[in-house]
Amino acid sequence: MNDDDGSLEGVVAARTVLSEVDGEAGRLVIRGHELDEIAQRWRYEDVVALLFEGFFDTLPPQDGLRAAIGRARREAFERLQPNDDAVLRRMPPIEAVRALMARLPDGDDLPTALRLLAAPAVYTAAVMRWRLGVQALPPDESLPHAADMLRMLHGRAPTPVQAAALDTYLVTVCDHGLNASTFAARVVASTGAGLASAVLAGISALKGPLHGGAPGPVLDALDAIGTAANARAWLEEAVAGGQRLMGFGHRIYRVRDPRADALKGALRKLGAEGSVNAARFELAEAAEQAALAILREKKPGRALETNVEFYTALLLEALGFGRESFTCVFAAGRVGGWLAHAREQVKKGRLIRPQSVYVGPAPRKTEGEAALAH
Ligand code: CMC
C-alpha cells in the first residue's frame with residue numbers, strides 16, 4: 001500500500017463477485033469463468049447475462065436478453081435529435097458519446113440498465129459516421145450486438161470472423177476488478193444517484209490516457225516508428241525523454257496482461273481471412289519486442305509488460321474503427337461491468353465515504369487570540 005502518493009495502490013475498497021484480477025499470475029476471472037474460456041467463444045450478450053445475474057429482479061433468459069438489448073439499441077437511436085450531427089461531430093468522440101449518454105434517463109431498473117448498455121455502441125457508430133459527413137444508421141434489432149455495431153458503423157454486414165473479433169474485444173474488456181472507471185461508477189452508485197449517473201462517471205474516468213485513452217496513441221507511435229528497423233531507436237528516445245510507452249505497464253499486472261493474448265488470438269483469426277494488414281502486424285510485433293527489452297533495461301525496478309491496449313489498437317484498427325473512437329468502443333464493452341458493479345454497490349446499501357488525513361496548516365489564531373496568548 002502506498003498512502004503518500006494518492007494512488008490507493010494496494011488498498012482493498014470493495015468485495016465483488018464480478019471479476020478477479022490476479023496480477024502476479026496474469027489471470028483474469030469473470031464471475032467464475034477464466035477469460036481464455038470465454039473470450040473466443042462468447043457473445044457480448046452472454047457475458048452481460050453472467051454479470052447481471054442476481055442484480056435485477058427479473059432478468060430474461062439469454063435469448064430474451066439478446067432481443068431486449070436489440071430493442072434498447074433502437075430506443076437509444078430514437079433519442080438522437082436532428083441537430084446532433086452538426087454539434088457533436090466537432091467534439092472528441094468520447095465527449096460526444098458522453099453528451100448523448102447524459103440525456104438518457106436515470107434509474108435503477110433493468111430497462112434503464114439495458115438502455116445504458118446498448119447506447120454506447122449506437123452512439124459510437126453514429127458519431128463516427130457524422131465525422132465523415134454521413135448519416136447515422138438505425139440499428140437492426142435482429143442482429144447480435146457486436147455484429148450490429150459494425151453494421152451501424154460501416155453500413156454493411158460484417159463477416160462472421162469480424163463480428164466474432166469484436167465480440168472477443170467486448171467480452172475481454174467487460175470487467176476488470178476495481179479499475180479507476182469502475183471505482184468511479186461504484187462511488188456514484190453508492191449515493192443513490194442512479195445507473196445513468198454511475199455510467200457517466202465511468203465514461204469520464206475511462207477517457208484519460210492512463211486508463212482507456214491509450215490505444216489511439218499506440219497507433220500514433222507505430223506510425224511514427226514507421227519500420228521495424230527504427231523501433232528500438234524511436235522507443236529508446238521516447239523513454240529517455242520521459243515518455244510512457246502506451247500499451248505497456250499496469251497497476252496490477254506484474255506479468256503479461258492476459259487480455260493482450262486474447263486479443264492477439266482474435267487478430268490472428270482476422271489475419272487468416274485477410275482483414276489485417278500483415279506489414280502492420282509485423283511492425284507491431286517488432287515494436288512490442290523492442291519496447292519490452294527497453295523497459296527491462298531502463299526500468300529494472302518495475303515489471304512492465306504488454307497491456308490490453310497494445311493489441312486493442314491493432315484489433316480495432318483492423319475492424320475499421322478510427323483511432324479517435326477507440327475509447328468509445330472500450331466504453332461499449334466496459335459499460336456491462338460498470339452497470340453490474342453499480343447494482344452490486346446499490347445492493348450493499350451503504351454510501352462510499354472514506355476518510356482523509358489532514359496535512360495542511362493548523363488554523364491561524366485571530367489577532368485578538370494572539371494578543372490574549374501574550
Ligand atoms: N512506459 C515507460 N515507463 C513506464 C510505463 C510505460 N508504459 N509505465 C510505467 N512506467 C514507469 C514509470 O515512469 C515509473 O518510472 P520511475 O519510477 O522511473 O518514475 C515506473 O515505471 C513505475 O510507474 P508507476 O507510475 O508506479 O506505474 P503505475 O502503476 O502508476 O502505472 C500505468 C500504471 C498503466 C498508468 C502506466 O504503466 C502507464 O502509464 N502506462 C501507459 C499507459 C497505458 O498503456 N495505459 C493503459 C493501461 S491498461 C488499461 C486499463 O486496464 O486501464
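- A salt bridge is defined here as a Lys NZ or Arg NE, NH1 or NH2 lying under 4.0 Å from an Asp or Glu carboxylate O, and D36 with R27 fails to meet this definition.
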Q: Please step through ring pair (Phe, Tyr, Trp, His ring centres under 6.0 Å) for the pair F248 and F310, ending with a clear verdict.
A: CA-CA 7 Å; F248 298 90; F310 192 76; 5.2 Å; yes
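- Between E141 and R74, at least one side-chain N (NZ, or NE/NH1/NH2) sits under 4.0 Å from a carboxylate O, which counts as a salt bridge.
- A salt bridge is defined here as a Lys NZ or Arg NE, NH1 or NH2 lying under 4.0 Å from an Asp or Glu carboxylate O, and R31 with E37 fails to meet this definition.
- No single ILVMFWY cluster, assembled from side-chain heavy atoms under 4.5 Å apart, contains both L104 and V346.
- Residues R251 and S7 meet the side-chain proximity criterion, which asks for heavy atoms closer than 4.5 Å.
- For the atom pair OG (S181) and NE2 (H176), the distance works out to 11.0 Å, reported to the nearest 0.5 Å.
- Between the side chains of R350 and S190, no donor N or O sits under 3.5 Å from an acceptor N or O.
- No continuous path of hydrophobic side-chain contacts links V134 to V97 [ILVMFWY only; heavy atoms under 4.5 Å].
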Q: Please step through salt bridge (Lys or Arg N to Asp or Glu O under 4.0 Å) for the pair R115 and E75, ending with a clear verdict.
A: CA-CA 7 Å; R115 222 179 285 117; E75 233 193 282; 2.7 Å; yes
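- Checking side-chain atoms of D257 against main-chain N and O of T306 turns up no donor-acceptor pair under 3.5 Å.
- In the hydrophobic clustering of ILVMFWY residues, with side-chain heavy atoms under 4.5 Å counting as a link, I252 and F183 come out apart.
- The pair R256-E305 does not meet the salt-bridge criterion, since no charged nitrogen lies less than 4.0 angstrom from a carboxylate oxygen.
- By the 6.0 Å and 45° rule, R343 does not stack over the aromatic ring of F52.
- The residues R268 and E273 are annotated as not salt-bridged, no charged nitrogen and carboxylate oxygen being separated by less than 4.0 angstrom.
- The pair D220-R323 counts as a salt bridge, with a side-chain nitrogen and a carboxylate oxygen less than 4.0 angstrom apart.
- Judged by distance alone, the side chain of D85 and the main-chain N or O of W130 form no donor-acceptor pair under 3.5 Å.
- A heavy-atom distance below 4.5 Å is found between the side chains of L222 and L314.
- Side-chain N or O atoms of D108 include none that pairs as donor or acceptor with a backbone N or O of G194 at under 3.5 Å.
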**Q.** Residues L88, L100; criterion side chain to side chain contact (heavy atoms under 4.5 Å, CB included); working and verdict
**A.** CA-CA 9 Å; L88 297 174; L100 291 167; 3.5 Å; yes
Q: Report the C-alpha distance between N230 and T227 in whole Å, list the side-chain angles of each, state the deciding distance to 0.1 Å, and finish with yes or no for side-chain hydrogen bond (donor to acceptor under 3.5 Å, both in side chains).
A: CA-CA 5 Å; N230 191 34; T227 62; 5.1 Å; no
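- The cluster map of Ile, Leu, Val, Met, Phe, Trp and Tyr, joined by side-chain heavy atoms under 4.5 Å apart, puts M246 and W234 in the same cluster.
- Exactly one residue among R259, H33, E34, E20 makes a side-chain contact (heavy atoms from CB on, under 4.5 Å) with L28. That residue is R259.
- Y253 and E24 are not linked by any side-chain donor-acceptor pair at a separation below 3.5 angstrom, with hydrogens and angles left out of the test.
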Q) I203 and L206: side chain to side chain contact (heavy atoms under 4.5 Å, CB included), yes or no, with the steps? A) CA-CA 5 Å; I203 293 177; L206 188 74; 5.6 Å; no
Q: Would you please test H145 and D167 for side-chain hydrogen bond (donor to acceptor under 3.5 Å, both in side chains) and show each step?
A: CA-CA 8 Å; H145 192 64; D167 266 316; over 6 Å; no
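- Heavy-atom contacts from other residues, nucleotides or ligands closer than 6.0 Å to NZ of K348 number more than 12.
- Under a hydrophobic-cluster definition in which Ile, Leu, Val, Met, Phe, Trp and Tyr are linked whenever side-chain heavy atoms come within less than 4.5 Å, directly or via other members, V21 and V255 are assigned to different clusters.
- No salt bridge links R43 with D46; every basic N to acidic carboxylate O contact stays at or beyond 4.0 Å.
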Q: Start with the C-alpha distance between R334 and N179, add both sets of side-chain angles, then the distance that settles side-chain hydrogen bond (donor to acceptor under 3.5 Å, both in side chains), and finish with yes or no.
A: CA-CA 10 Å; R334 183 57 58 86; N179 58 87; 3.1 Å; yes
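- When all heavy atoms of A262 and T172 are compared, the closest pair comes out as CB-OG1, 3.9 Å.
- Applying the 6.0 Å contact sphere to CD of Q135 captures no more than 12 heavy atoms from other residues, nucleotides or ligands.
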Q: Step by step, work out the salt bridge (Lys or Arg N to Asp or Glu O under 4.0 Å) result for D223 and R280.
A: CA-CA 9 Å; D223 288 347; R280 185 71 152 171; 2.9 Å; yes
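- The number of heavy-atom neighbours closer than 6.0 Å to CD of E297, taken from other residues, nucleotides and ligands shown, is above 12.
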